[in-house]
Amino acid sequence: MRFQLLDADYFLNGAKPVIRLFGKTENGNAICAFYDKFQPYFYVKQGKGSVAALKAMKEITNIEEVKRFIPLGYKKEPESLLMITVDNPQNVPKLRDELVQNGFEDFDSDIMFKYRFMVDFGVKGMDWIEFEGTKAFTKMAKVTSYHVNKMKKIEKNENADLKFLAFDIECLPADLKRPMDSKKDPIVMVSLSFSPDHKNQKSLVLVAKPVSSSGVQGFRSEKELLEEFIKVIENYDPDMLIGYNCNNFDLPYLLDRMRKHGIQPNFGRCEKNVFSKTFGMMQECIVPGRIVVDPYQILKRDPWVKFHRYNLNTIAKELLNEEKIDVEHTEMPDLWNGGREGLNKFIEYCRKDSELAIRLVLEKGMLDRFFELSKISGLLLQDTFGGQSSRVETMLLHEFRKKNFVMPSRPSKEELLKRTREREKKELKGATVLEPKKGLHTEGCILVLDFRSLYPSIMRTYNVSPDTVLLKKENVPATKSPTGAYFVNQAVREGIFPSLLKELISARGRIKKMMKSAKDEEKRILNAKQLALKDMSNSFYGYTGYIRARLYMIDVANTITAHGRKNLEKTKKLIEDNFAVEVLYADTDSVFLKTNIKDLDEAKKEGSKIAKFVSDKLPGYLELEFEKIYKTFLILTKKRYAGWEFEPSGDGWVDKIEMKGIETIRRDWCTLVSETMEEVIKIILKEGDIQKAISRVRTVMTSLKNNEVPLEKLTIIKGITKSLESYEGMLPHIELAKKIAKRNPSEAPVVGDRIGFVIIRGNLLLSKRSEDPRYAREHNLQIDSDYYIYSQLFPPIERILSAVGISKSELLGNGRQASMKEVFSKNSKKKPAVLKGWESFVCKRCNKSYRRMPLSGACECGGDLMISYHGTLGNKVKR
DNA sequence: GCTACTCGGGG
DNA sequence: GTGTACGAGTAGC
């Protein structure tokens with residue numbers, strides 16, 4: 001028999017642990033395999049511990065002396081350790097603690113039993129397993145089950161056919177002013193979406209009301225509804241249970257409501273109930289034998305793609321070009337209690353949410369990457385949704401088993417504290433970021449070159465690894481790192497990290513080659529695989545500096561960044577000494593070079609030439625690559641720039657505006673600001689016309705003054721995070737919330753609401769002049785154009801324009817106007833004084849503020865200028 | 001500019 | 001479950 005491993009756990013048969021593997025066969029049948037011949041064990045180093053005490057412990061079934069390497073620092077020979085076998089996994093923590101108290105040092109003692117098993121059998125998550133066994137008749141699984149005698153991993157690339165079920169609940173709040181309360185507020189609806197179809201239906205909505213129609217099933221009570229929910233899941237038997245934010249909301253809520261009605265939340269694939277665990281702010285729900293997929297959590301943690309907001313509506317709009325049905329949660333009670341029409345709307349609203357959730361997962365191939373991460377790291381699919389460190393550690397565990405290493409325990413509270421304190425003295429130094437040549441660059445193409453996987457290459461080139469660093473001076477061939485640490489040469493021993501990286505990188509190379517001839521489905525999977533490999537290779541450096549890592553080694557982390565800094569310096573020098581280009585900027589692993597080449601193809605040639613030249617002169621695996629061209633480039637500060645990018649594509653070029661670190665969209669800006677910023681940047685980069693950019697801003701200012709901007713574009717949205725009374729300061733949205741509450745107590749905003757407001761004209765304090773846009777329109781209130789110009793529009797626009805030499809007063813039209821020639825002239829040596837950050841020059845007499853010192857040294861009105869910092873006036877400026 | 005704290009999603 | 005868990009953005013200094 002063969003199956004693909006989806007989930008695993010264990011149960012006790014008397015005192016005997018039985019491993020339980022859940023999976024899917026090649027025919028798409030759910031299956032469960034039991035293995036009862038595996039014993040828990042861990043290692044200790046004797047230290048000051050007493051072996052006699054050890055032998056007296058009755059839970060220990062065997063003690064064996066073994067030789068193992070400990071991967072903290074280079075050791076020539078393995079050490080003598082005691083391998084302790086235990087009757088029951090549950091006894092391990094207690095025993096371990098006792099032994100540690102007794103002076104032993106523990107290893108491999110906090111590895112979950114299922115992973116211990118998988119590692120020892122060389123099986124990773126989503127692997128295919130072939131086994132011999134006999135059919136089992138047991139209550140310990142609800143799917144076809146077997147007792148396994150022999151098993152092994154087999155090579156097979158395809159994935160089994162899986163069943164997906166997405167769900168969404170709707171609750172009815174008893175009190176609209178309070179947050180949802182699972183003790184009081186019932187679940188009135190649950191929608192389910194299936195893939196493939198369930199009984200020829202794509203979806204189903206269960207409703208706690210006696211209504212029924214196609215795709216709608218009514219019930220007399222919440223209790224009956226919940227019981228049916230469990231039945232449908234059991235009946236359909238999905239592998240994946242999908243819900244948007246279901247880990248934090250839907251599932252815990254369902255569990256609470258089921259508990260209230262005395263319903264066992266048993267909708268996994270065995271006798272074990274569904275449960276949720278809380279840690280810190282997060283919750284995670286476990287459905288034994290199935291995989292809980294929460295698209296919200298997956299998207300939120302995705303390091304490659306960022307969204308402005310992560311609510312289902314925004315995400316569905318961005319990814320599926322589809323929106324939720326428009327129902328405010330405050331109208332839910334009315335829809336529920338009103339007529340059939342409202343109820344239908346509510347039902348379809350609910351249905352749509354689970355449809356969107358399942359479509360996100362399936363149409364966007366959201367799980368592809370995690371299937372591959374699972375196969376590479378060894379984690380069960382469910383666990384790949386978590387952090388990077390567990391991926392690294394599980395992969396290491398597999399490698400350690402092969403190479404005779406043991407795994408140190410997770411750091412204790414005390415150890416964490418120690419590390420934090422140590423960190424204050426011996427900080428983790430980061431990468432080099434060169435001070436950029438600020439401003440607009442349009443004279444020639446800007447070449448961007450960067451190092452192909454810099455940190456992995458460094459680790460491989462210099463054999464940097466936790467198990468190759470010399471903890472004390474030793475007489476072995478070793479190389480000194482820029483930090484002064486020594487790492488043994490590869491000939492002595494290839495480090496575990498470099499060797500794993502070698503495998504990951506060469507596997508990625510193979511996959512990328514295969515991708516070239518692949519298409520459609522195959523190509524998609526290969527792409528997911530190569531991304532997962534890249535993800536994994538990039539995790540190793542960060543892991544060594546991650547404070548909770550089992551193999552936390554700050555010296556190793558520091559060595560890596562030190563090599564990176566040295567390498568970047570060397571690269572800069574090599575380029576400056578040998579090519580007629582100017583290094584405008586460099587950050588970590590990339591350099592930005594200004595050329596005088598106008599032609600894209602020629603620029604590309606030059607870029608490749610420089611990349612090759614540098615790569616040839618750098619050691620080992622370090623390789624500089626030509627990445628892209630910017631025809632024009634605007635850099636404001638370190639990490640903040642925009643460029644008109646051209647990327648080679650086939651025979652031609654594709655262009656786009658690329659922005660890094662320059663935010664055009666922020667929650668606390670109205671859309672007018674975002675739009676204007678984008679336009680301004682586009683004009684500057686594509687047309688190189690700063691005057692046009694300025695006049696664009698002036699046009700916006702004018703239309704603000706003339707009341708021509710629609711209120712939607714001026715609405716600022718802020719959330720209410722606590723009760724209105726508990727706000728101490730004056731905040732516009734809070735004052736508005738109070739106003740609304742006074743006008744119409746039934747609409748009073750509550751915690752969690754987001755308030756949209758505009759600022760209207762008047763003599764009151766700013767925060768008192770916030771108004772509901774609808775109310776403002778109905779009562780024909782005028783907006784405060786000055787507020788929008790000076791407080792909203794200007795700060796971000798000014799940051800951009802000041803980088804191209806335009807001051808605020810110039811922008812306002814009351815200062816000297818910079819001519820095109822002047823703006824573009826390369827070296828206007830007579831630079832007027834320019835202040836940093838939020839500083840400005842303010843006239844003592846008329847209060848006019850200047851970003852740059854006027855040439856006269858005084859204000860237009862003749863008044864003295866003062867330096868203002870954060871709005872506080874400081875020293876008088878000498879004329 | 002830097003640090004501390006808050007909040008996210010869900011109804 | 002042989003365990004553990006964040007990070008971006010904003011307010012406050």
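Within every chain, numbering begins at 1; the chains are lettered A, B, ... in the order of the sequence lines, protein sequences first and strands thereafter.
A:Phe34 pairs with exactly one of A:Phe11, A:Tyr10, A:Phe22 by the ring-ring contact (aromatic ring centres under 6.0 Å, His included) rule, that one being A:Phe11.
Distance noted for atom P between B:dG11 and C:dA8: 25 Å (whole Å). Going from the C1' atom of C:dC6 to that of B:dG9 covers 14 Å, rounded to whole Å.
In this model, the phosphate group of B:dG9 is approached by a side-chain N or O of A:Arg309 to a distance below 4.0 Å at OP1 or OP2. For A:Lys324 and B:dG11, the shortest distance from a side-chain N or O to OP1 or OP2 is below 4.0 Å.
Of the possible polar contacts, one joining the A:Asp294 side chain to the A:Cys246 backbone as a donor-acceptor pair under 3.5 Å is found. The backbone N or O of A:Lys183 lies less than 3.5 Å from a partner atom in the side chain of A:Asp181, making a donor-acceptor pair.
With B:dG11, B:dG8, C:dA5 as the candidates, the nucleotide lying closest to the side chain of A:Met180 is B:dG11. Distance from the side chain of A:His329 is smallest for B:dG11 among the nucleotides B:dG10, B:dG11, B:dG8. Here the side chain of A:Tyr349 is nearest to one of C:dA5, B:dG11, B:dG9, namely B:dG11. Of the listed nucleotides (C:dA5, B:dG8, B:dG11), B:dG11 has the atom at the smallest distance from the side chain of A:Asp353.
Summarising the geometry of A:Ser409 relative to A:Asp106, their closest heavy-atom pair is OG-OD2, 2.7 Å, with the distance given to 0.1 Å.
Rounded to whole Å, atom C1' of C:dC6 lies 11 Å from atom CD of A:Gln297. Rounding to whole angstrom units, CD1 of residue A:Ile315 and C1' of B:dG9 are separated by 10 Å. If you measure from atom CZ of A:Phe167 to atom P of B:dG9, you get 19 Å, rounded to the nearest angstrom.
Of the two residues near DNA chain C, A:Leu416 and A:Pro89, the one whose nearest nucleotide lies more 5' is A:Pro89.
Here CH2 of A:Trp336 is found 5.0 Å from CE of A:Met189. Values are rounded to the nearest 0.5 Å.
Across all strands shown, A:Arg301 has no heavy atoms under 4.0 Å from either base or sugar-phosphate atoms. Residue contacts for A:Pro93: at a heavy-atom cut-off of 4.0 Å it reaches the sugar-phosphate backbone alone, with no base atom in range. Across all strands, A:Met282 comes closer than 4.0 Å to no nucleic acid atom at all (heavy-atom distances).
In this structure, A:Lys37 satisfies the cation-pi test against A:Tyr35, with its NZ or CZ atom closer than 6.0 Å to the six-membered ring centre and inside 45 degrees of the ring normal.
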Name the pairs: protein N/O against N/O of nucleotides 8-11 of chain C, kept only if under 3.5 Å.
residue : atom : partner  : partner atom : Å
C:dT10  : OP1  : A:Asp668 : OD1          : 3.4
C:dT10  : OP2  : A:Arg666 : NH2          : 3.2

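Contacts classified as salt bridge (charged side-chain N to carboxylate O under 4.0 Å, His left out) and involving residues 386-396 of chain A (residues at least two apart or in different chains) are given here: A:Arg391-A:Asp535, A:Glu393-A:Arg410, A:Glu393-A:Arg550.
Remark: nothing in residues 241-250 of chain A comes within less than 4.0 Å of DNA chain C through any heavy atom.
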